[in-house]
Amino acid sequence: MSAFVQAAELRSFKLAGQQFGLSSSAIGKTIAKLEDQLGIRLFHRSTRAIRLTPEGEMFLDRCRHILCELEAAEAELAQATAFPRGRLRVGVPFTGELLTPLFAEFTARYPEVELDLDYNDRLVDVIEDGFDAVIRSGEVSDSRLMHVKLGDFTSRMVASPGYIESAGEPRKPADLVNHRLLHHRFYETGKLGSWGPAVPEGTILPVVLSATSLEPLVRLAEAGCGIASLPYFTVAGGLRSGILREVLPGSEKISRALRLLWPRSKTPLPKLSAFVKFMTESMKSALDEGRD
């Protein structure tokens, strides 16, 4: 039944199989057995896609209700033991030294929780991509999700001392047009990230290089390839050690929120509740350090 619901929602035996660690053929055989048992066809199949039959649509609604009730029953039993355990799949941005120590502390505190960390800088669908929780910046408009703000952060314009020595240091935001700039490009839209309100509106900034992940931009800035505008928590270590220097430190900065999101549920499992509580308590001070 779970395999059927996943295949119906994802419209793919292959994607459904990935949720269970099975092949697409294994999912197909499972659903074929279900169809034989019910005596009806649940899917129209072609070489390119699958789609529900009218009977499949009706059965899907019932299955969702049954599985929700089963999940609630399992959650109630788990709450009775009140001890976090099991696999927890979390979508995480590439954030350098900010999150890794916290995950180490969490696993030490909850040894029976298996953290499955998916590091990426793309905007994932928390529910359809099968995540228990996701950490990301920005606002939340999906009513299917619960969320909590972990803290606020600002960005910093940074470069290596070697780059500043060779190229000179910008004295005002308009000077950036004469420098080698490293940009963050959003995976979903292809648009370049903002350099903040300090840059005059309408200014066309040069693009020497762009990347859809923050981590390589940090390393490229450290290597002297140019100036990058990055969240403080990704460059805090480099600034403290002197590998990086802040450019235009007095410029106006915009504050953004980092949030933890998870699927809405009446009775979240102890492993998720423990993770939400731990991250909420642990991350605020780390983010607030570089907010101003």
Least distance between heavy atoms, A133 atom then L260 atom:
CB-CD1, 4.0 Å
Same cluster for Y163 and V247 if Ile/Leu/Val/Met/Phe/Trp/Tyr side chains link at under 4.5 Å?
yes
Identify, with sequence neighbours excluded, every residue that meets salt bridge (charged side-chain N to carboxylate O under 4.0 Å, His left out) alongside R256.
none
Starting at CZ of F59, measure out to OG1 of T53 and round the result to the nearest 0.5 Å.
10.5 Å
Connected hydrophobic set around V207, excluding itself, where side chains approach under 4.5 Å
L192
When you measure from the side chain of H179 to the backbone of I164, do you find a donor-acceptor pair of N or O atoms at a distance under 3.5 Å?
no
What pair of heavy atoms forms the shortest contact from L182 to W195, and how long is it?
O-CZ2, 3.5 Å
Heavy-atom pair of closest approach, residues P170 and I227:
CG-CD1, 3.9 Å
Show your reasoning for whether ring pair (Phe, Tyr, Trp, His ring centres under 6.0 Å) applies to Y110 and F83.
CA-CA 9 Å; Y110 301 102; F83 192 80; 7.6 Å; no
Using 0.5 Å steps for rounding, measure from the CG atom of L150 to the OG atom of S137.
11.0 Å
Going only through I, L, V, M, F, W and Y residues with side-chain contacts under 4.5 Å, is there a path from I135 to F278?
yes
How are the rings of F186 and H184 set to each other: parallel, tilted or perpendicular (split at 30° and 60°)?
perpendicular
Heavy-atom neighbours of E71 CD exceed 12 at 6.0 Å
no
Is a side-chain donor or acceptor of D61 paired with a backbone partner of M58 at a separation under 3.5 angstrom?
no
Salt-bridge contact D132-R89 (side-chain N to carboxylate O under 4.0 Å)
no
Looking only at atom types and distance, does a side-chain atom of R185 sit under 3.5 Å from a main-chain N or O of G190, one as donor and one as acceptor?
yes
Do T154 and R156 have a side chain donor and acceptor closer than 3.5 Å?
yes
Full working for ring pair (Phe, Tyr, Trp, His ring centres under 6.0 Å) between Y232 and F153:
CA-CA 7 Å; Y232 175 80; F153 68 93; over 10 Å; no
Which atom names give the shortest non-hydrogen contact between S155 and S229, and what distance separates them?
CB-OG, 4.0 Å
Going by side chain to side chain donor-acceptor pair (under 3.5 Å), name the residues that satisfy it together with R11, two or more places apart in sequence or in a different chain.
none
Would L34 and I66 show up in the same hydrophobic cluster when neighbours are defined by side-chain heavy atoms closer than 4.5 Å?
yes
So does C225 get a backbone contact from the side chain of R180, meaning a donor-acceptor N/O pair under 3.5 Å?
yes
Backbone N or O of G196 within a donor-acceptor pair of the S194 side chain at under 3.5 Å?
yes
Closest heavy-atom pair, V199 versus P173, reported as atoms and distance to 0.1 Å, is CA-CB, 4.2 Å
Looking at E57, I want to see if its CD is surrounded by more than 12 non-hydrogen atoms of other residues, nucleotides or ligands under 6.0 Å.
yes
Taking all non-hydrogen atoms of both residues, which atom of P206 and which atom of L181 are closest, and how far apart?
O-CB, 3.3 Å
Salt bridge present between K33 and D36 (N-O < 4.0 angstrom)
no
With a 3.5 Å distance limit and no angle check, can you tell me whether S282 reaches the backbone of M279 through a side-chain donor-acceptor pair?
no
Does the side-chain contact (heavy atoms from CB on, under 4.5 Å) test come out yes or no for H44 and L52, once each step is laid out?
CA-CA 6 Å; H44 294 300; L52 287 168; over 6 Å; no
Check R85, K271, R87 against E112 for a salt bridge (charged side-chain N to carboxylate O under 4.0 Å, His left out) and give me the one that passes.
R85
Just by modelled atom types, is the S251 backbone N or O under 3.5 Å from a matching donor or acceptor in the K253 side chain?
yes
Hey, what do you get for CD1 (I31) to CZ (R41), rounding to the nearest 0.5 Å?
12.0 Å
Do S160 and I243 come close enough that some side-chain heavy atom pair is under 4.5 Å?
no
Main-chain N/O of F103 paired to T107 side chain as donor or acceptor, under 3.5 Å:
yes
Check ion pair R240-E246 (N to O, under 4.0 angstrom)
no
Evaluation steps, side-chain hydrogen bond (donor to acceptor under 3.5 Å, both in side chains), between H147 and W262:
CA-CA 6 Å; H147 63 93; W262 65 96; over 6 Å; no
Between D142 and R264, does at least one N-O distance fall below 4.0 Å, as a salt bridge requires?
no
Just how far is it from atom CZ of F131 to atom CG of D118, taken to the nearest 0.5 Å?
4.0 Å
Verify, without hydrogens or angle tests, whether E55 (side chain) and L42 (backbone) share a donor-acceptor contact under 3.5 angstrom.
no
